Every structure is written in structure tokens, then in C-alpha cells.
Amino acid sequence: GIQVEQSPPDLILQEGANSTLRCNFSDSVNNLQWFHQNPWGQLINLFYIPSGTKQNGRLSATTVATERYSLLYISSSQTTDSGVYFCAVESQGGSEKLVFGKGTKLTVNP
Amino acid sequence: GAGVSQSPSNKVTEKGKDVELRCDPISGHTALYWYRQSLGQGLEFLIYFQGNSAPDKSGLPSDRFSAERTGGSVSTLTIQRTQQEDSAVYLCASSFRVGQPQHFGDGTRLSIL
């Protein structure tokens, strides 16, 4: 099945810093989503982005489907950005299910 | 409802007992998904429904696990003869239809003693 690799696995930032999280996938995809899991375990859908670029406030995401990767940018990070960021993909020609990466754990210090 | 609702939020039971976990999706969402997340791990797909049918049951770990959805709305995940390795957070998500953005409930934390 499709493989999803996220990097870095852990990231520690000072409040106000910018960061880029990466998601590589091994096959063509129909669907790619980014999620944030906060320290209380709640999962929030950040972006639905099978291709192209989207922005939502301080967050933006870009997926280059032909090169099989996606990037999540966090600008001017805040302590509330802490948590785990997951990338999830649905393979073309495969089952209509999302396969999740192992996540990037982000800690933003005040 | 406004969001995906899961119940119970926590469940502690003895090894060998059966448990039922419930998921009430966002109103109007036709697709519903179950995942499992063990401590410090990513999400493991279990099963999804489009309407009342489950095209992909490949993620169910064993025949002790089953799920159903009736009326195109509420879904129940049942685990029979629970084992300690079943301890995890069980998460439910729904989307307007398959392939669309998924929205998660808060999960059921299951602990098997």
C-alpha cells in the first residue's frame, strides 16, 4: 500500500518562529489532508489539499502531486500551535480510505 | 448535530467482556470512518461506511471487531471478548461524501483491565 513519511518527527520552536513540515508519499493520490491533534487529543482538519496551495491565517499548505510531496507552513508560531501534525492521503486506484503518516510533534515554547 | 459525537468518552472494562462504541456523524454526512490510535502512535484505519454499506473492512484487526451503520447515520463499533491489546482511543470521523474533508469526534478512550 501507499507509504506516507513525515518530517521532522519532532520540532521545537520559540514563539514567533516560522516552520515547514513535510509529507512525502509513495504513490499518486486523490486526496490529501492535514490535521492538527492538540495536546488534549482533539483532531482538527486544517487543509484538504490534493494539489495546489491554500492559506488559512498563519497556516498555509502546498501539495506538488507530480512530485509526491506536501508542505505545511506555520508562520509566527504560537504556543497554541503545539501538538502533532498529521498528513493523510488516499491512494489513486486504491481503497477510498486515508492512510496517515506518523506525524510531526511540534512544541512551541513561550 | 454540529459536530461528530462519540460515546462513551471513556470506557474501562475487564478482559473478555464485549464493548460497544457509538458514533453520531455530522448531519448530512454520508461517509463515516473508524480509526484506532494507540498511545503515542498515528491513526490506524479500521473501516468506513458510505451510507449503510462498508466497502472496505480490511482494517478490522480480527473477527472480534465488527461495525454497523443503520439509517445512514449512527454507527456502532463492537469489540467482542476484549483483550488488553484492544486498549486505545477509538476515533470516528465523517465527511459529506467519501473523498471529502474528514471531521473527527473526540474519541472513546478504551481501557481493558
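Every value quoted in this text rests on a predicted model; they were computed, and no experiment measured them. To find a chain, count down the sequence lines: A is the first, B the second, and so on, and within it residues start at 1.
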Enquirer: Could you tell me which of A:Phe47, A:Trp40, A:Phe86 has the largest number of non-hydrogen atom pairs under 4.5 Å with chain B?
Expert: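 Looking at each option in turn, the highest pair count goes to A:Phe86.
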Enquirer: Can you label the angle between the B:Tyr33 ring and the B:Tyr35 ring as parallel, tilted or perpendicular, going by 30° and 60°?
Expert: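 If you compare the ring of B:Tyr33 with that of B:Tyr35, the planes turn out parallel.
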Enquirer: Are the side chains of B:Gln37 and B:Tyr90 in touch, meaning some heavy atoms are under 4.5 Å apart?
Expert: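 Sidechains of B:Tyr90 and B:Gln37: no contact.
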Enquirer: Could you list the cluster mates of A:Ile44? Members are the ILVMFWY residues connected by side-chain heavy atoms closer than 4.5 Å, either directly or through other members.
Expert: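 Besides A:Ile44, the hydrophobic cluster comprises nothing; the residue is isolated.
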Enquirer: According to side chain to side chain donor-acceptor pair (under 3.5 Å), who are the partners of B:Asp18, at least two apart in sequence or on a separate chain?
Expert: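 With sequence neighbours excluded, B:Asp18 shows a side chain to side chain donor-acceptor pair (under 3.5 Å) to no residue whatsoever.
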Enquirer: Most heavy-atom pairs under 4.5 angstrom with chain A, which of B:Gly99, B:Pro101, B:Gly107?
Expert: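 The candidate making the most pairs under 4.5 Å is B:Pro101.
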Enquirer: Treating A:Glu90 as the side-chain partner and A:Leu32 as the backbone partner, does any N or O pair qualify as donor plus acceptor under 3.5 Å?
Expert: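 Such a contact is absent between A:Glu90 side chain and A:Leu32 backbone.
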Enquirer: Is the backbone of B:Gly51 close enough, under 3.5 Å, to the side chain of B:Arg69 for a donor and an acceptor to pair up by distance?
Expert: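 Yes.
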Enquirer: Can you name the side-chain contact (heavy atoms from CB on, under 4.5 Å) partners of B:Arg109, sequence neighbours left out?
Expert: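 Once residues adjacent in sequence are excluded, the partners of B:Arg109 under the side-chain contact (heavy atoms from CB on, under 4.5 Å) criterion are B:Asn10, B:Val89.
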Enquirer: Looking only at heavy atoms, which of residues 56-64 of chain B get nearer than 4.5 Å to chain A?
Expert: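 The stretch touches chain A at B:Asp56, B:Ser58.
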Enquirer: In terms of heavy-atom proximity below 4.5 Å to chain A, should B:Ile47 be classed as side chain, backbone, both, or neither?
Expert: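 Neither part, no heavy atoms under 4.5 Å.
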Enquirer: Has the side chain of B:Tyr48 got a donor or acceptor atom that lies under 3.5 Å from a matching backbone atom of B:Val98?
Expert: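 No; judged by distance alone, with no hydrogens or angles, the pair does not exist.
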Enquirer: Quick check on A:Phe35 against chain B: is it the side chain, the backbone, both or neither that has a heavy atom closer than 4.5 Å?
Expert: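 Just the side chain, heavy atoms under 4.5 Å.
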Enquirer: Against chain A, work out which of B:Gln41, B:Glu44, B:His103, B:Gln100 has the most heavy-atom pairs shorter than 4.5 Å and name it.
Expert: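 The candidate making the most pairs under 4.5 Å is B:Gln100.
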